[in-house]
Amino acid sequence: MNQPKLIGLADCNNFYASCERVFQPKLRGKPVIVLSNNDGCVIARSNEAKAIGIQMGQPYFECKNLIQKFKIAVFSSNFALYGDFSGRVMKILENFTIDLEIYSVDEAFMDMSNMPFPDICAYGQEIRQTVKQWTGIPISIGIGPTKTLAKIANKIAKKYPAFKGVFNITDHPHLDEILQKMDVEEVWGIGRRFSKMLYQYGIKNVLQLKNSPDAWIKKQMSVTGLRTVLELRGIPQIEMQDAPEAQKSILTSRSFHQPVTTLQALNEAVATFTSRAAEKLREQNCAASYLQVYISTGYHQRGDIYHGSTGMELPHPTSNTPEFIATALRCLKKIFKWGCNYKKAGVIFTDIVPKKQQQLDLFTPIAEYERQEKLMALMDQANWRWGDDTLKYGATGISQKWRYRQEKRSPSYTTRWDELLTIKNPTQKSQNKV
DNA sequence: TCTGGGGTCCTAGGACCC
DNA sequence: TCTGGGGTCCTAGGACCC
């Protein structure tokens, strides 16, 4: 029989906002927010910004008044920077556990069973301090017998300063009281729809959810919902994953800052997204054999709302950009409708296989494959070294009027040579790269 | 005027087969 | 007009996550 598990969830606090703050110490204790692509809406908030009342997902234009009034520091998102920080944090966490499962850019589950420490919370504190010291990123750690309870413990660790960022919910004497005070919506796996439904049946707090009958839960919320409830009861349903599984889909999409109306402009956008998706595919050493394209008008606009999407199978799994672009443009032609104000487009690759398993088709000579492979590798290298779009396909367009906007992006301090942090030397007037 | 992007899993329903 | 039962596979859509 398996030993009961102890699972820790380490979660970076206000991750993107914290990353931005690392390089601007003067912003410590000050409200900071990070915006989505297009500077459209708020996707990260420091505690101070939350206290002021800025909401997650709130449109930027809606909170401009508050921003001015409270002098909130605003950043466009800089995912290269956040990805780099994420890697550093995860590397540190790895040293503290036998099994780390990276769950998202700012979260990881840690197997903390059988740790040779009598006080698991003290150990958690040590992890927390190390990460803070080495990266500048504050984290919180929740510990519990299941992933769902570890998530809940993490929320508590964040909510009550008395716990100093680490909370263990396992065998807690006041577990039921804790759960009774939490809203069902706070549970991992219960979103807006389900919590609304549960509310209608009078199930408002987590304790009530935990004690609801299995059959009813399954009927209302399918097996996923039932798993969540069992996890709340301390029965593990969501195991730790040993190795990261191969991705099943790769998606690249963007909203346009201004509506796009012509097929020509959409062609460019779709070709660009396709190139980017193909790069991601090659980064993972994979090939794909199915491609979908979608385009849509805005949801907030007046007039016709249109959502078109279609897919096509490629003759064989590939990672070759020109093949994808040709297929994607054919898909686009099928779904394009004149007279629409398009606000978004995207490309999705599915049926992904590792490159080793890639089936070559019979009629293309091996030498041709090798030539394509070399060309792709060369382009990826050039774009990695000298910046995105150093080398690109003509189909992706030159003017790219549909491009999105990022007015307040911080420099990529850690990932681009030309944007390394510069420090002013008080004795000289010049600035030096570090 | 201005509202993100990238994923996973589950289910229902249709097509098809014997 | 009446018209079985059971299985598989695929896709679209809905739910969730960060």
Side-chain angles (χ1 to χ4, degrees), chain A residues 9-16 33-45 54-65 67 74-79 82-83 86 101-109 147-148 151 154-155 184-198 218-228 231 237-238 241 244-259 273 276-277 280-281 284 290 292 294 296-302 307-311 313 341 343-352 404-407:
Chain A
L9 173 70
D11 186 325
C12 301
N13 302 349
N14 316 322
F15 184 52
Y16 298 162
I33 60 173
V34 177
L35 303 176
S36 66
N37 267 317
N38 276 325
D39 296 342
C41 56
V42 178
I43 54 170
R45 309 159 294 160
I54 304 275
Q55 299 299 311
M56 184 68 176
Q58 196 176 0
Y60 176 39
F61 69 87
E62 252 180 47
C63 40
K64 277 190 171 158
N65 282 340
I67 289 168
V74 181
F75 294 90
S76 299
S77 41
N78 182 346
F79 293 108
Y82 313 146
S86 174
E101 180 194 329
I102 298 171
Y103 174 68
S104 74
V105 69
D106 69 334
E107 272 177 73
F109 290 105
K147 284 183 171 176
T148 305
K151 276 269 191 185
N154 191 287
K155 290 217 168 181
V184 282
E185 206 176 0
E186 293 193 65
V187 176
W188 186 45
I190 310 290
R192 287 250 295 282
R193 296 292 174 98
F194 281 157
S195 54
K196 198 175 158 196
M197 181 276 294
L198 290 168
K218 191 171 175 189
K219 185 169 153 248
Q220 299 291 329
M221 299 164 62
S222 90
V223 295
T224 17
L226 182 57
R227 277 204 282 264
T228 296
E231 286 239 322
Q237 303 289 305
I238 309 166
Q241 276 179 17
E245 306 215 341
Q247 233 166 279
K248 291 175 180 161
S249 65
I250 289 176
L251 180 147
T252 301
S253 71
R254 289 288 180 279
S255 297
F256 307 129
H257 176 48
Q258 291 190 328
F273 304 159
R276 179 65 198 124
K280 292 187 208 167
L281 189 68
Q284 298 176 29
Y290 198 82
Q292 283 167 268
Y294 70 85
S296 64
T297 57
Y299 291 102
H300 309 282
Q301 69 172 27
R302 287 184 186 188
H307 182 104
S309 86
T310 190
E313 184 138 7
N341 289 319
K343 277 293 281 181
K344 186 174 183 178
V347 176
I348 309 167
F349 293 170
T350 51
D351 293 4
I352 294 173
Y404 54 95
R405 116 184 124 163
Q406 282 204 311
E407 286 172 357

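Note on naming: letters A, B, ... go to the chains in the order of the sequence lines (proteins, then strands), and numbering restarts at 1 for each one.
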Remember a base hit wins even if backbone is also touched, and classify [X] as base, sugar-phosphate or nothing at under 4.0 Å, heavy atoms.
| X | value |
| --- | --- |
| K343(A) | sugar-phosphate |
| E62(A) | nothing |
| R276(A) | nothing |
| K280(A) | sugar-phosphate |

> How is the base pairing of DNA chain B summarised as a dot-bracket string, given the Watson-Crick and G-U wobble criteria with both distances under 3.5 Å, [ ] for crossing and | for another strand?
Replying inline: ....||||||||||||||
> Has R227(A) got a side-chain N or O lying under 4.0 Å from the OP1 or OP2 atom of dC9(B)?
Replying inline: no
>> Test of understanding: with side-chain hydrogen bond (donor to acceptor under 3.5 Å, both in side chains), list the residues that count as partners of T148(A), not counting sequence neighbours.
In response: E231(A)
> Who are the side-chain hydrogen bond (donor to acceptor under 3.5 Å, both in side chains) partners of S249(A), not counting sequence neighbours?
Replying inline: none
In whole angstrom, give the distance that lies between atom [atom1] of [X] and atom [atom2] of [N].
| X | N | atom1 | atom2 | value |
| --- | --- | --- | --- | --- |
| I250(A) | dG7(B) | CD1 | P | 6 Å |
| Q241(A) | dG7(B) | CD | C1' | 13 Å |
| K219(A) | dC10(B) | NZ | C1' | 17 Å |
| K147(A) | dC9(B) | NZ | P | 12 Å |
| R254(A) | dG5(B) | CZ | C1' | 7 Å |
| Q237(A) | dC9(B) | CD | P | 16 Å |
| L35(A) | dG4(B) | CG | C1' | 10 Å |
| Q247(A) | dT8(B) | CD | C1' | 10 Å |

>> Main chain of L251(A), side chain of K280(A): is a donor-acceptor contact present, judged purely on distance under 3.5 Å?
In response: yes
> Under 3.5 Å, is there a donor-acceptor pair between the side chain of R45(A) and the main chain of I54(A)?
Replying inline: yes
> Would a 4.5 Å heavy-atom cut-off, applied to side chains only, mark K343(A) and S255(A) as touching?
Replying inline: no
Of the candidate nucleotides [options], which contains the atom at the shortest distance from the side chain of [X]?
| X | options | result |
| --- | --- | --- |
| S255(A) | dC10(B), dG4(B), dT3(B) | dG4(B) |
| N37(A) | dG6(B), dG4(B), dC9(B) | dG4(B) |
| T252(A) | dG6(B), dG7(B), dC10(B) | dG6(B) |

> What is the per-nucleotide protein-contact pattern of nucleotides 11-18 of chain C, from the 5' end, where B denotes a base atom under 4.0 Å from a protein heavy atom, S denotes such proximity for sugar-phosphate atoms only, and - denotes neither?
Replying inline: ----SSSS
> In terms of the nearest nucleotide of DNA chain B, which residue is placed more toward the 5' end: K248(A) or M56(A)?
Replying inline: M56(A)
> Between F61(A) and K218(A), who's closer to the 5' end of DNA chain B by nearest nucleotide?
Replying inline: F61(A)
Looking at residues at least two apart in the chain, or sitting in another chain, which of them share a side-chain contact (heavy atoms from CB on, under 4.5 Å) with [X]?
| X | result |
| --- | --- |
| D11(A) | D106(A), E107(A), N154(A), K158(A) |
| V105(A) | F15(A), Y16(A), S86(A) |
| Q55(A) | Q58(A) |

>> In whole Å, measure the gap between the C1' atoms of dC17(C) and dG4(B) for me.
In response: 15 Å
>> Test of understanding: with ring pair (Phe, Tyr, Trp, His ring centres under 6.0 Å), list the residues that count as partners of F349(A), not counting sequence neighbours.
In response: F324(A)
>> I'd like to check the ring pair (Phe, Tyr, Trp, His ring centres under 6.0 Å) partners of F273(A); sequence neighbours left out, ordered by chain and number.
In response: W402(A)
